[in-house]
Q: 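Structure incoming, see below.
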Amino acid sequence: MSTETAPTADRVAAPPPAGWEEARSRVYAVGLAAALPAVARPLADIDGSTLAEPLTTRTDLPAFPTSSVDGWAVCGPGPWRIVGRVLAGSTPAPLTADGTTVEIATGAMVPEGATAVLRVEESTIVDGLVSGTPRATPEWRKPGEEAYAGEELLPVGTPVDPAVIGLAASCGHDTLRVRRAPRAALLVFGDELLTAGPPAAGRVRDALGPAVPAWLRRYGCQVRPSDVVGPVADTLPAHVAALRAALATADLVCTTGGTMNGPVDHLHPTLEALGADYVVNTVAVRPGFPMLLARLAGPDGRVRFVAGLPGNPQSAIVALVSLVAPLLAGLQGRSMPVLPHATLAEAVPGRGDHTHLALVRLDRAAGTASPVRHVGSAMLRGLAGADGFAVIRPGTRGEPGDRVPIVPLPLLPGERSS
């Protein structure tokens, strides 16, 4: 590795680590303050986005009375003489005379003057006349039964999923205003990393370069292949150049490794050289120590963010769920993520005065969480079989039967948690 370092005088003692919950709140607030601009997008292109304005209806829903069954729209008492047929998509003439009826299909507009709809399976036809007894409950949907024109159905900040897209279409929308998706980049630090083949000869395979972009996409980010750079040479000039280039196009740059203050850890001097200020500089959480989030203004005045993830793979993912997830929620104009809870099925140790994020597998039917094995900071085997992290607060340990918060691993955009 290179022995080039920042001057000793530039290296100052790190501040006390922020509490885990405090850090999450702090990064969410700065993300929300820098929320990305709203853009109009076709419905086909907004899955995984966030509403930038309330979703309202353009008409009543339904916009006109529609039959909920196949049958007969009748006028007055029966038997009824058949005077026509109404199919979905057509506008029927009014029924003006008692004793008349039109055949009607499910979803078709009920003609003006109809007093009831008789189900086809509950009707008979004799000598061209329809007979039967309509049910007491009307067999059609009234205008505005689901919503009235202009009614707010979903508020600003609602994540867009297929159900929201379908609702918007039913309301008559072709486009919606949503928050622009965050653009993210990744810089991989570490001369010891291999990008292909098995680890050997003192060098380890880079697991974060392929994995972190996939996690970021699940949080709603755009990450292009060209946005992933590394390994970046372990020199200060190389770090400064790589971070400056990434910040030219990205809203968020994640880095892996270099968050300590060792002889080849250049992230802190790089942030100083670029004029960044820390939102969070180290968090009292294990695993995941140390992590950071910094911000700086670009030439256009817009704020960019740098998330420093530890080099150990599981610690890096802890940093993602701890700092990057709430930051991105803010940037997308969403609410602060609310953590679900589960009951511990087994004991989970505490980590002293640090929050412990313990990998767990969930039994959703039972509502329980069980710790998994192979959970060292450098390990990914446990993560691959886990659903999220149980939060064990500082100064405590998790006992069987305890209800604890769960930090879920992110789903694909548009997926709902079960």
Q: If only atom types and distance count, is the side chain of Thr396 paired as donor or acceptor with the main-chain N or O of Gly350 below 3.5 Å?
A: no
Q: Got a donor-acceptor contact below 3.5 angstrom from the Thr259 side chain to the Pro290 backbone?
A: yes
Q: Can you tell me how far the OG1 atom of Thr133 sits from the CG atom of Leu118, to the nearest 0.5 Å?
A: 8.0 Å
Q: What pair of heavy atoms forms the shortest contact from Gly220 to Pro182, and how long is it?
A: O-CD, 3.5 Å
Q: Taking atom CD1 of Ile46 and atom CG of Asp161, what is their separation to the nearest 0.5 Å?
A: 10.0 Å
Q: Within the side chain of Asp206, is there an N or O that forms a donor-acceptor pair under 3.5 Å with the backbone of Leu193?
A: no
Q: Sort out for me which residue in Leu296, Thr255, Leu243, Asn281 forms a side-chain contact (heavy atoms from CB on, under 4.5 Å) with Leu271.
A: Leu243
Q: Can you tell me how far CG of Leu216 sits from CZ of Arg183, rounded to the nearest 0.5 angstrom?
A: 12.5 Å
Q: If only atom types and distance count, is the side chain of Ser315 paired as donor or acceptor with the main-chain N or O of Gly311 below 3.5 Å?
A: no
Q: Closer than 3.5 angstrom, by distance alone: can the side chain of Thr50 be matched with the main-chain N or O of Gly157 as a donor-acceptor pair?
A: no
Q: Of Ile406, Leu383, Thr355, Val360, which meets side-chain contact (heavy atoms from CB on, under 4.5 Å) against Phe389?
A: Leu383
Q: Heavy atoms only: give me the nearest Pro213-Leu186 pair and the separation to one decimal.
A: CD-CD2, 3.8 Å
Q: Ion pair present between Arg397 and Asp402, side-chain N to carboxylate O less than 4.0 angstrom?
A: no
Q: Thr59 side chain to Ala149 main-chain N or O, any donor-acceptor pair under 3.5 Å?
A: no
Q: Supply the atom-to-atom distance Cys221 SG to Gln332 CD, rounded to the nearest 0.5 angstrom.
A: 6.5 Å
Q: Within the supplied structure, the quantity of interest is the number of heavy atoms (other residues, nucleotides, ligands) at a distance under 6.0 Å from Arg203 CZ; does it exceed 12?
A: yes
Q: Grab the two heavy atoms, one from Ala319 and one from Leu309, that are nearest each other, plus how far apart they are.
A: CB-CD2, 3.6 Å
Q: State the CG-CZ distance between Leu328 and Arg179, to the nearest 0.5 angstrom.
A: 14.0 Å
Q: Can you tell me how far CD of Glu151 sits from SG of Cys171, rounded to the nearest 0.5 angstrom?
A: 9.5 Å
Q: Say whether, by atom type as modelled, one donor and one acceptor occur between the side chain of Ser90 and the main chain of Val86 under 3.5 angstrom.
A: no
Q: Going by ring-ring contact (aromatic ring centres under 6.0 Å, His included), name the pairs with one or both residues in residues 269-295, residues two or more places apart or in two chains.
A: His268-Tyr278, Phe289-His354
Q: I'd like to check the salt bridge (Lys or Arg N to Asp or Glu O under 4.0 Å) partners of Arg26; sequence neighbours left out, ordered by chain and number.
A: Glu22
Q: When you compare the side chains of Thr101 and Trp72, does any donor N or O come within less than 3.5 Å of an acceptor on the partner?
A: no
Q: Tell me if a side-chain donor or acceptor on His239 pairs with a main-chain N or O of Thr235 at a distance below 3.5 Å.
A: yes
Q: Verify salt bridge (Lys or Arg N to Asp or Glu O under 4.0 Å) between Arg302 and Asp251, making sure each step is shown before the conclusion.
A: CA-CA 9 Å; Arg302 186 167 53 81; Asp251 304 296; 2.4 Å; yes
Q: List the atom of Val321, the atom of Ala325, and the distance in Å for their closest heavy-atom pair.
A: O-CB, 3.7 Å
Q: Between Gln314 and Gly376 (side chain of the first, backbone of the second, donor and acceptor by atom type, cut-off under 3.5 Å), is there such a pair?
A: yes
